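Just so you know, these numbers come straight off a predicted model, no measurement behind them. Numbers restart at 1 for each chain; the letters A, B, ... are given by sequence-line order, proteins then strands.
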Amino acid sequence: MRTRFAPSPTGHLHIGGARTAIFAWLHAKAQKGKFLIRFEDTDKERSKQEFVNSILSSLSWLGIEADEEPLFQSSRQTKHKEIALDLLNKGLAYSCNVSPERLEEVRKIQQQNKQQPRYDGFSRDLNLPHEEGNVIRFKMPLEGETSFEDKILKKISINNKELDDFIIIRSDGSPTYNFCAAVDDIEMEITTVIRGDDHITNTLKQINIFNALEADIPEYAHLPMVLSPEGKRLSKREGALDINEYKKMGYLKEAMINYLIKLGWTYKEQEIFSEEELIKYFDIQNVNSSAAKFSQKLLDFYNNYYLKESDLNSLYAYIENNFSLSDKFIQNPKKIEIIDLLRVSSNNIIQIIEELTFFHDDPELTEELLTLIKIDKDLLEKFKFELEEVNFNDKLLIGVFLDNFLSKNNLKFPVLGKPLRLILTGKPKAPSITDLLFLLGKKNCLERIEKFLKI
RNA sequence: GUCCCCUUCGUCUAGCGGUUAGGACACCGGGUUUUCAUCUCGGCAACAGGGGUUCGAUCCCCCUAGGGGACGCCA
């Protein structure tokens with residue numbers, strides 16, 4: 001079994017494309033088949049090397065590697081033309097000299113008559129000699145229907161009258177997508193095509209190319225679209241980000257894959273899957289047939305989960321190697337414990353990094369912050385005095401001290417805890433006070449309390 | 001407009017003729033932590049509408065509505 005992911009390098013890889021790639025890759029792994037990559041770069045104007053690199057780096061971040069060298073469609077132009085000419089000679093395609101202007105006119109009239117705008121077959125039986133400047137169109141069957149059994153959507157069919165004679169060779173001599181895709185799928189011996197369901201009409205066209213070329217038709221699985229939270233098509237305007245951006249924001253690839261695969265696929269009532277489990281359980285036929293909306297919150301849930309579950313030292317190394325940490329933090333002997341504490345309540349690594357600034361930078365005592373801090377300064381003075389004697393080497397001792405201090409002074413925890421947290425971190429939301437005192441260290445704690453008392 | 005596809009809690013979904021319609025996220029509440037958070041327990045919440053078929057429809061068929069997609073000398 002051989003499948004492929006075939007992006008056009010005209011933009012970055014976003015959520016939708018990444019999901020398609022993951023499904024195809026997983027299907028290959030689950031079936032012990034081959035996963036291939038083909039760049040559909042037949043649009044010379046819009047295809048850019050920059051995007052090839054970007055897509056490849058996104059895929060490699062996700063751990064998706066092709067089993068053979070990626071194929072560039074443009075490198076096969078000569079072959080494509082040759083096959084198109086062959087079709088022309090066999091009478092399965094024909095030369096056409098209808099101008100784009102006339103085409104547009106025809107479409108306008110068809111619209112007005114409430115018909116589907118399409119090429120009307122004007123040159124189909126004219127037998128024009130193929131001259132430079134003409135296009136070559138594929139001869140669609142005029143009767144019957146084209147249908148296939150989709151792995152996900154089940155039977156899909158269309159009346160052949162709805163399909164028009166589409167162009168396979170442009171007037172400049174270059175071959176077009178629908179033609180190249182079919183030819184290359186044959187060449188690459190693709191047995192399973194997995195792509196978005198926006199390709200359904202292309203599939204119907206391509207099946208006819210397969211037939212004309214007397215090739216076996218691959219099996220198809222059309223993935224329902226991923227929609228924006230508003231239910232619109234995912235696009236830059238609708239907030240579709242380059243996958244590389246998620247990496248930069250500190251999403252883990254495991255989270256990304258788990259989220260994306262669960263967007264449409266289920267196995268029993270399991271929510272969390274290791275790569276091994278995915279390969280073991282994945283079955284393309286269990287993919288849901290309806291479109292799904294992208295949910296940042298669910299992605300965050302998965303990321304938080306993997307942040308908490310991943311090996312602490314590896315996570316730290318990953319953060320240090322891929323994100324910019326301040327020298328002060330890197331020199332902090334308790335840095336790993338700090339990360340361990342913060343990851344529990346963070347959705348991504350950037351959030352962790354933003355949170356950890358207070359460990360080495362004193363919080364700014366702004367007006368706003370000061371109004372939030374409500375504490376008796378004499379009490380705080382006393383607390384500071386006693387804190388100086390505490391052994392900070394042991395977190396447990398700090399906890400004991402806190403307990404004693406509270407009960408000795410007959411205080412409820414929040415009376416001291418709330419203002420203390422604000423003074424030490426500048427934030428109302430932070431880890432537990434004991435952890436905070438321990439990880440901040442005695443010197444920092446005393447200094448910050450002192451700083452506040454002096455105001 | 002024409003054709004194709006889709007329609008279960010707010011969101012992702014399970015269900016494949018008989019279920020108290022299940023799970024997860026989110027949200028809300030209780031408990032733990034003399035702490036906001038974490039953790040834990042619990043709660044809220046859905047079969048788009050109308051016709052059939054059937055003893056019985058979330059499930060099968062038809063219609064309507066809504067959503068998405070395609071309609072390029074883009075891919």
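- Between A:H199 and A:Y177, the ring planes lie tilted relative to each other; the angle falls in the 30° to 60° range.
- Contact annotation for A:L263: backbone-only contact, meaning every heavy-atom pair under 4.0 Å involves sugar-phosphate atoms and none involves a base.
- Looking at heavy-atom distances under 4.0 Å, A:E162 makes contact with sugar-phosphate atoms alone, never a base.
- Under the 30°/60° scheme for interplanar angles, the aromatic rings of A:F166 and A:F138 are found to be tilted.
- Of the candidates B:G72, B:A75, B:A37, B:A37 carries the atom nearest the A:S345 side chain, counting heavy atoms from C-beta on.
- In this structure, the separation between CE on A:M140 and NZ on A:K205 is 7.0 Å, given to the nearest 0.5 Å.
- Across all strands shown, A:S290 has heavy atoms under 4.0 Å from sugar-phosphate atoms exclusively, and none from any base.
- Taking atom P in both B:C71 and B:U8, one finds a spacing of 26 Å when rounded to whole Å.
- Here A:P229 lies out of heavy-atom contact (under 4.0 Å) with every strand.
- Base engagement by A:V135 is indicated by at least one non-hydrogen atom pair under 4.0 Å involving a base atom.
- Side-chain atoms of A:L379 and A:F405, non-hydrogen and from C-beta on, do get closer than 4.5 Å to each other.
- Within 4.0 Å (heavy atoms only), A:S174 reaches no atom of the nucleic acid at all.
- If you check B:U7 for Watson-Crick or wobble pairing at under 3.5 angstrom, you find it paired to B:A65.
- In this structure, the nucleotide among B:U7, B:C73, B:C25 sitting nearest to the side chain of A:L298 is B:C25.
- Considering only the side chain of A:E269, B:G22 comes nearest among B:U34, B:C3, B:G22.
- In this structure, A:W265 and A:F282 have tilted ring planes: the angle between them lies in the 30° to 60° band.
- One interatomic measurement links the two molecules: CD of A:E271 to P of B:U11, which rounds to 17 Å at whole-angstrom precision.
- Residue A:L299 contributes atom CG, which lies 18 Å from atom P of B:U11 at whole-angstrom precision.
- A sub-4.0 Å separation between OP1 or OP2 of B:A70 and a side-chain N or O of A:R233 is present.
- Place A:P175 and A:W265 on RNA chain B by their nearest nucleotides, and A:W265 ends up nearer the 5' end.
- The phosphate of B:C73 has neither OP1 nor OP2 within less than 4.0 Å of any side-chain N or O from A:R102.
- For the pair A:K308 and B:U38, the criterion of a side-chain N or O lying under 4.0 Å from OP1 or OP2 is not met.
- Looking only at side-chain heavy atoms (C-beta outward), A:H80 and A:D184 come within less than 4.5 Å of each other.
- Remark: A:K232 is in phosphate contact with B:G68, judged by side-chain N or O atoms under 4.0 Å from OP1 or OP2.
- Closest to the side chain of A:I158, out of B:C4, B:U7, B:A70, is B:C4.
- Nucleotides B:G22 and B:G56 have their P atoms positioned 25 Å apart, rounded to a whole Å.
- Looking at heavy atoms from C-beta onward, A:K44 lies in side-chain contact with A:D172 at the 4.5 angstrom threshold.
- Listed nucleotides: B:U7, B:A70, B:C25. Nearest to the side chain of A:K297: B:C25.
- Side-chain atoms of A:K427 and A:R421, non-hydrogen and from C-beta on, never get closer than 4.5 Å to each other.
- Closest to the side chain of A:F301, from the set B:C25, B:C12, B:U2, is B:C25.
- Between A:T10 and B:A75, a side-chain N or O to OP1/OP2 separation shorter than 4.0 Å is absent.
- Of the candidate nucleotides B:U35, B:G68, B:C73, B:G68 has the atom lying nearest to any side-chain atom of A:L227.
- Between A:K161 atom NZ and B:C3 atom P there is a gap of 13 Å when expressed in whole angstrom units.
- One atom, CZ of A:R46, and another, P of B:C73, lie 14 Å apart when rounded to the nearest Å.
- Between B:G23 and B:A45, the distance separating the two P atoms is 14 Å to the nearest Å.
- As judged by a 4.0 angstrom heavy-atom cut-off over every strand, A:S157 is placed among residues touching the sugar-phosphate backbone only.
- Nucleic acid contact for A:G264: sugar-phosphate only, since backbone atoms but no base atoms lie under 4.0 Å from a heavy atom of the residue.
- Checking B:G1, B:G72, B:C3 against the side-chain heavy atoms of A:R107 singles out B:G72 as nearest.
- Using a 4.0 Å heavy-atom cutoff across all strands shown, A:A430 reaches at least one base atom of the nucleic acid.
- Rounded to whole Å, the distance from CG on A:N303 to C1' on B:A24 is 17 Å.
- Proximity of A:T176 to the phosphate of B:C73: no side-chain N or O atom is located under 4.0 Å from OP1 or OP2.
- The CD-P distance, from A:E309 to B:C39, rounds to 11 Å in whole Å.
- Applying the Watson-Crick and G-U wobble criteria (two distances, each under 3.5 Å), B:G43 pairs with B:C27.
- With RNA chain B read from its 5' end, the first of the two nearest nucleotides for A:S289 and A:T266 is the one closest to A:S289.
- In the set B:U34, B:A26, B:A70, the nucleotide with an atom closest to the side chain of A:D198 is B:A70.
- Counting any heavy atom pair closer than 4.0 Å across all strands shown, A:L420 reaches no nucleic acid atom.
- The distance between atom CG of A:D150 and atom P of B:A70, rounded to the nearest whole Å, is 16 Å.
- The line from CG of A:N304 to CD of A:Q351 is 9.0 Å long, rounded to the nearest 0.5 Å.
- Spacing between atom CD of A:Q112 and atom P of B:U2 amounts to 15 Å, rounded to whole angstrom units.
- The closest side-chain heavy-atom distance from A:Y94 to A:D165 is below 4.5 Å.
- The base of B:U35 is paired with the side chain of A:R421 by a donor and an acceptor separated by under 3.5 Å.
- Applying the 3.5 Å distance criterion, the base of B:C73 shares a donor-acceptor pair with the side chain of A:S171.
- Closest approach to the A:K429 side chain among B:C36, B:C6, B:C3 is made by B:C36 (side chain taken as heavy atoms from C-beta onward).
- A distance of about 14 Å separates the C1' atoms of B:C47 and B:C16, rounded to the whole Å.
- Across the strands present, B:U33 finds no partner; the criterion is a Watson-Crick or G-U wobble pair with both atom distances under 3.5 angstrom.
- Contact check, A:K418 against B:U35: no side-chain N or O comes under 4.0 Å of OP1 or OP2.
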Protein and nucleotides 44-46 of chain B: nitrogen or oxygen contacts under 3.5 angstrom:
none

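- Of the residues listed (A:L416, A:L420, A:L424), the one engaging A:I433 in a side chain to side chain contact (heavy atoms under 4.5 Å, CB included) is A:L420, and it is the only one.
- Using a 4.5 Å heavy-atom cutoff, the side chains of A:N347 and A:N303 are not in contact.
- Using Watson-Crick or G-U wobble geometry with both donor-acceptor distances under 3.5 Å, B:A70 finds its partner in B:U2.
- Interface remark: the A:N202 side chain does form a donor-acceptor pair with the B:A75 base, using a distance-only criterion of under 3.5 Å.
- Here the separation of B:C59 from B:A14, taken at their P atoms, is 16 Å to the nearest Å.
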